[in-house]
Each structure stands twice: as structure tokens, then as C-alpha cells.
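Convention: sequence-line order gives letters A, B, ...; per-chain numbering from 1. Excluded from the calculations below are hydrogen atoms, water molecules and symmetry mates; all remaining heavy atoms, backbone and side chain alike, are included.
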Amino acid sequence: MAASAGMSASAPGRHEVVVSVEDVTLSFGGVTSLSHVSLQQARGEILAVIGPNGAGKTSLFNCLTGVYVPQSGRIVFYSRRRGPVSIVGHRPHLVNRAGIARTFQTSRLFNALTAFENVKIGVESPQRTGPLGAMLHLPRTRREERESDSRTVELLEFVGLRGRSNDLASALPYGDRRRLEIARALGTGPELLLLDEPAAGTNPAEKAALAELIRDVNARMGVSVLLIEHDMGLVMSLADRIVVLNFGQVIASGTPAEVQRDPAVVEAYLGAPDPEDA
Amino acid sequence: MTGPEGTVGDALSGVHGSLLHPRVFGFIGFGLALWLAVSGRRRYAARVRALSDRVTSLPRRLLPDARVRAGVYLAVLGFAIAYPLALNSYWQEVLVDQIGVYVLLALGLNVVVGFAGLLDLGYIAFYAIGAYSVAYWSGSLPVHPPFHLDPFYAIPLAIVAAMLAGVLLGTPTLRLRGDYLAIVTLGFGEIIQIAATNMQGITGGAPGVVGIPHFKFELFGVHYAWGLSNLPYYYLLLGFVVLVLFAFRSLEHSRVGRAWVAIREDEVAAESAGINVLKYKVMAFAIGASTSGFAGVLEGSKISYIEPADFTVQLSILILVLVIFGGMGSLPGAVVGAAVLQWLPQYLRVHPLLGFQQQDLYLYLGALLIVMMIFRPEGILPSRRREREIGLAEHGIGRADAVGGTSGPIA
Ligand SMILES: Nc1ncnc2c1ncn2[C@@H]1O[C@H](COP(=O)(O)OP(=O)(O)O)[C@@H](O)[C@H]1O
Ligand SMILES: [Mg+2]
């Protein structure tokens, strides 16, 4: 376990880095959720974070999005638009503005709004129309409305929910809710997308379609993907690299093949042989 | 508070005087009815709701065509313009002081509570700030302004003052969780009232301010004075309400309005979708405050007299009740709710048989709220979004309470 710091050196070879987590420690009272976690992700990469329940995966996402502020360590996001941005201490909306978007482990959609409105809220969040523009229907407001409408339709099409635009988010089946949450996150125009267990609770068909969608997001939209997932089949087929967390520490990282052979990983999973219901 | 008081000769006259008063039987009957309604809610709630739905969704069902609807709105506006001319001066005064001003106040609070989901219990403080601003700029306060302004021209300044107060109060407190916000705004309302009472040298203290001039308008050779009669104020108010209705409607269906819904529904998700939660909350607060401020200017100048006792916490609560009754987040709801609830007591008061007493008002309003919460929590003319939220909350999906906040792990 002491090897954790060294492991991250095996990072992104010739590639450009999109996010770099350096020695991050996060604790709640006596509970240490993350302990000296370091990892790097290359731009354009699909990086998976795996580990048993309570390992600190979601906490890592919360640190990466400004929801939690770690006690120590650095997180630097290398935005194409703005250069290096330090994440720690920034409010979540600013982190999103910088180019990191996310979904949640238990989906957090705006349930009383339609699928269209859910995505549109993401799409229009970077726009500039203020209350006066909105009240007076200024030309810029009207232009921005048109732009966000057409972008929203594109995104709904992209995730395969075009036909469900006017359905309430709460009325969508489980798999569609996960896709809608991805569409909302994509609406904000991220360079890095964090997906927290997107396939949890979906059936095999939905799972396959979701893998396809994630590959599309990565390849066609050029978005780097950081993925928490318990389904090993999905992880192995999608991820370029894998980072393994256990008790808040990075115990291994590398390509799927490397990680699968790693004795520390095998040991960590022995306690929970079926990671899917871990 | 109500009823006769005892005297030295007949110490118990208060007791039997009160017990034998006919109102008491009204209260008892009313209380029994309320108890029956509450205890029978399981059996009747669904039926009562279905019935009330059928009635209040009538406009929506009868007028599916937007053009027909616009025609109806125009007809309503025409009625609102013409009808007051036929009223006597008592009802004209009620129309301005009790109905018009409260419709405007309800519309403003509706932005804060209904659109953004923030529980503001000190809303009337901004009304006070508007009223005192106009008194200040017209030179009616013990402290004098750098230059005197006619109240009409003080309108923008008073609105800005109320808005600034909203921003200054909102920026630190809107970071707090919803329930703390309610407490802080409650305190703010009290502070404003107590400050107005005690800062004699600035506000004139408890006796209040007299002689605030009426609106006067003089520009490009056109001049008009509002004077003592009610109707000119009514039409100014009506114009402003129509303006506010258009503006708030656009707001509701804009990026800003959607951001408010997002925040109301799930603050964490909203932030993660790039919404600056604090900014939008302060915005709602400031818009509400400036609306309240305008109402204060208008009333201050019309009555030409203000005193701290006008700005009680009870009044903040009353306006909240108007908004909840009409339907949180619903513009027609705020208008109709405020108009009906403000008109009804006045009507009952002058009714020869019912003899309603103003001091019993809050008793009935409290009962009304209980009944509403059981049978129709979404209000009489609910906004569609709120209606859905309440529907979902009843099925255990999401939450429909006005006060936001998140605690515990975020997953
Ligand atoms: N807000 C919080 N307050 C207290 N403890 C927390 C909080 N968030 C996470 N934790 C703790 O941090 C640890 C890691 O949790 P989490 O990151 O959700 O794990 P994972 O996503 O890997 O299952 C757990 O022990 C959890 O209880
Ligand atoms: Mg988790």
C-alpha cells in the first residue's frame, strides 16, 4: 500500500495531461476517505477508478468537482481553453465552467422538469443572459435561446432520447435516466466527464448501449472520461487505464491487463469476491 | 386582544362577555369543522382534490388556444380598468390599499418563495425601506436628503435602495441552509421595524412620518398630480402589475427561471451543471425586494403617512399566506390569491349578517392554511412545475418543500 505514490508515476507517457491529482487527503472527523491519493489522466483517455464500496471513489469525484475540499493536496485541471486551473477551493459551478462535468452515483435529475429542460439547463448555464435580458427579451436572449434549443436537441439525439424530449425526467426508465444525466453534463461543454457508476442498476442491454455511448462521448466528442464502475466487463472493455482504490489509497494502476494481474488488487477483492454487489 | 375587558366592579365581565359573544359560537363551529376535515382527510382528500382540480383547471381546459387565452386576458384587463369606475370610494380605497398593493407584494414574494424556493419571512422590511426611502427623498424625515425629489421621481431610487438592501442581506445569508435563511430574514424584518421605531433622529421614531407628498409628474410640459383620490393610484398600480406580470412571466420561462427551478429541486445537481447558486438566489431576493420596495413607495406617498407599526412580521406572514394560497410559483395564482384573500375579509366585514372582525383574521387564515395543506398544497391556481414537484414528492421522488439544503454524504 505504501507503493501508492510511486504507482502514479506510471501515468500518461507521451500524452498531454488533462487532470492531475497530487497527494490528496480528505477526512471527515475520524474517517479518512482519501489518503495521499495521486493520479494523472491523459487527455482523451478513458480512465476507470475501481475499488470496493467505501473505498473513496465518490469522494474523489467530489474533490475533483469542488463539492468537497480536501484537507491537503493539489488538483490541477489542464483546460484547453484556460490553461492550468487549480480545483481545490473552487465552488462546483466554477469547476464546471472550467470544463469538468459529472453525473452522480444515484442520479440527481430535475425530476419535475422534462428531459428537454434538464439538458437545456446544462447547455445554457455558461450563457450570459441575465434577468434584465430575460425580462425584456433582448436580442441576445433570443439568440441564446435558439442556440441552446438546437444544442439540446442535438444532445438528446446523441444519447438516444430525442423521442422522449417532453417526458418528465421522473417518468423515464432507469437506463434512460442515466443517459439523460450524461446529456445534461455534456451540455455544459466539458473537456473531462466524470461518470459515477453509470451502469449500476441497468440491465445487460442497457449496459451495452451505455458502453457504446461512453465510447462515442470519448471518441466523437473528444471528451476525456473518468469512470467509476463496478462492472468488470464494462471496465475492461472501455478503460485505457485503471486506478484501484482501497480504503482511500491508490493500491494499483495501469492497463486493464496489468491491474488484473496485480496481487494487491487480487487481495483487495478477495474480501469481496463479487465486486458487483460490493 | 379581542373581546371585552374586566373592570374593578365586575372583574369577570371579560370572561362571560367573551364567552357569550356570538363570535365564540362561530369559532367553535369552525374549529369543529376543521377538526372533522383534518380527521376525515384520508377519506375525502382525494375526492376533494379531484373536485378542486376540475374547477381550477377550467381555464386551462377551456382555453387551450393561446390566442383565445390572450383575448381573455385582455378582457380581464378591460374589466380591471373599467370596473373600479363604478365603485364607491370605500371600495376604491380597498382596491388600492388592500388589494392592489398586496397583489404587487405577492407577485414579488412569489419570485423569492415560488420561483427560487427561498423562505423569506422578513419580506415586509423591503416594503418599509421603499416607504422610508420615499419619505427621505421628499424631505419628510428628520434627516434631509442632499436634494429634494418629488416622490414620483424617487421611485427608481427607492427601488434601488430596496434592491441593495436585498443584495446586502442576501449575499451573506443565502449561503446558509434554507431553515437558517428563514430565521435570518425573520430577524431582519424585526431589526428594520425596531430600528425605525428607535432611531428617532433619522426615522421620526414610533410616531412615524407625516406629510409625505403625493406623486406629481411634470415632464415636457405635461403634468399630472395624483392627489387624494384613489383611482389614479389604482391605475398606476395596475400598470405596474401588468408590467411586472409580463416581466416575471418572461423570467420564469428563461434561463434564469429554469436555473431557479434547478436550484429548488437539487442544489448540488444545479451547481454541478454550472449554475452559480448564490448568484441566482441573491437575484431572486433582489427582484423580490425591489418589487416590495415599489409597493412601499406607492403606499407611502398615497397615504402620505407611515409608522413603524405598519411593518410587522405578521404582515410578512400574511403575504406568504397569499402566495401559498394562490399557488407558489404561479403568477395568476399570486394575483388571484392575493385579490381574493384580501377582498374577502373586507367583504365579510361590511356584510350585515356575518359581521366579521378584522382582529380574527389570522385565526381564519391559519385554519385556511391547514385545510389547504391537506387538500390542495399546490394552491388554488398552481404552477405546472410546482404541481409536478408536489405530485412527485407524494410518491417519494424528490422534494417539494420551499426550504433547500443538503447535508450528509453526496453521492
Ligand atoms: N460527507 C461525508 N461525511 C462523512 N463521511 C463521508 C462523507 N462522504 C464520504 N464519507 C465517507 O468516506 C468514505 C468513502 O466513501 P465514498 O467516497 O462514497 O466511497 P465509494 O464511492 O468508493 O463507495 C466512506 O467511509 C464514507 O462514509
Ligand atoms: Mg460511490
Side-chain angles (χ1 to χ4, degrees), chain A residues 28 33 58-59 61-62 65-68 91-97 100-114 117-137 141 144-145 148 168-170 181 184-185 187-190 194 196-197, chain B residues 111 115 175 243-280 282-284 286-287 290 329 383-393 395-400 406 408-411:
Chain A
F28 297 96
S33 303
T58 299
S59 298
F61 270 26
N62 284 333
T65 50
V67 175
Y68 289 167
R91 301 288 308 145
H93 72 272
L94 291 175
V95 175
N96 178 273
R97 191 71 338 104
I100 301 181
R102 74 177 291 183
T103 65
F104 295 89
Q105 186 171 341
T106 44
S107 65
R108 304 184 79 128
L109 289 164
F110 306 124
N111 281 312
L113 297 180
T114 62
E117 287 169 315
N118 267 276
V119 178
K120 193 171 176 184
I121 283 173
V123 171
E124 66 193 354
S125 78
Q127 291 180 346
R128 292 177 48 215
T129 289
L132 269 183
M135 288 195 253
L136 301 174
H137 285 288
T141 308
E144 286 186 341
E145 279 279 334
S148 49
L168 291 187
S170 55
E181 220 185 344
R184 181 179 70 190
T188 65
L194 314 187
D196 197 344
E197 302 193 21
Chain B
V111 172
F115 287 176
R175 291 172 207 275
L243 215 71
V244 160
L245 276 173
F246 272 108
F248 288 0
R249 206 194 113 81
S250 307
L251 211 51
E252 185 186 0
H253 297 285
S254 74
R255 167 173 181 262
V256 177
R258 278 184 294 270
W260 282 331
V261 184
I263 292 168
R264 215 165 67 197
E265 288 232 338
D266 190 333
E267 228 174 283
V268 175
E271 272 193 310
S272 296
I275 292 170
N276 184 346
V277 169
L278 182 64
K279 186 174 105 183
Y280 281 94
V282 172
M283 206 184 276
I287 292 171
S290 40
S383 88
R384 250 183 267 192
R385 281 175 185 162
R386 276 284 188 184
E387 209 172 3
R388 286 183 208 147
E389 280 169 35
I390 287 173
L392 292 173
H395 292 94
I397 308 165
R399 26 177 290 271
T406 314
I410 287 159

Would B:Val277 and A:His93 satisfy side-chain contact (heavy atoms from CB on, under 4.5 Å), going step by step from the backbone distance to the final call? CA-CA 8 Å; B:Val277 169; A:His93 72 272; over 6 Å; no
Chain A contact via B:Ile287 - side chain, backbone, both or neither, heavy atoms under 4.5 Å: side chain
Is a donor on one side and an acceptor on the other found under 3.5 Å between the side chain of A:Glu145 and the backbone of B:Ser254? no
Only pairs of heavy atoms separated by less than 4.5 Å count here; which of A:Val67, A:Ile100, A:Val95, A:Leu113 has the most with chain B? A:Leu113
Report yes if the side chains of A:Asn96 and B:Ser272 come closer than 4.5 Å at any heavy-atom pair, otherwise no. no
Answer yes or no: is there an ion pair linking A:Glu144 with B:Arg255, defined by an N-O contact shorter than 4.0 Å? no
Taking A:His137, A:Arg184, A:Glu181, A:Gln127 one by one, which has the highest count of heavy-atom pairs under 4.5 Å against chain B? A:Gln127
Can you name the nearest heavy-atom pair linking B:Ser250 to A:Ala134, along with the distance? CB-O, 3.2 Å
Is the backbone of A:Phe110 close enough, under 3.5 Å, to the side chain of B:Asp266 for a donor and an acceptor to pair up by distance? no
A:Thr188 side chain to B:Gly274 backbone, donor-acceptor under 3.5 Å: no
Given the options B:Asn276, B:Ile275, B:Val256, which has more heavy-atom pairs under 4.5 Å with chain A than any of the others? B:Asn276
Quick check on A:Leu94 against chain B: is it the side chain, the backbone, both or neither that has a heavy atom closer than 4.5 Å? neither
Salt bridge or not for B:Arg258 and A:Glu117, using N-O below 4.0 Å? no
Distance col, row A:Met135:CE vs B:Phe246:CZ, nearest 0.5 angstrom, shows 14.5 Å
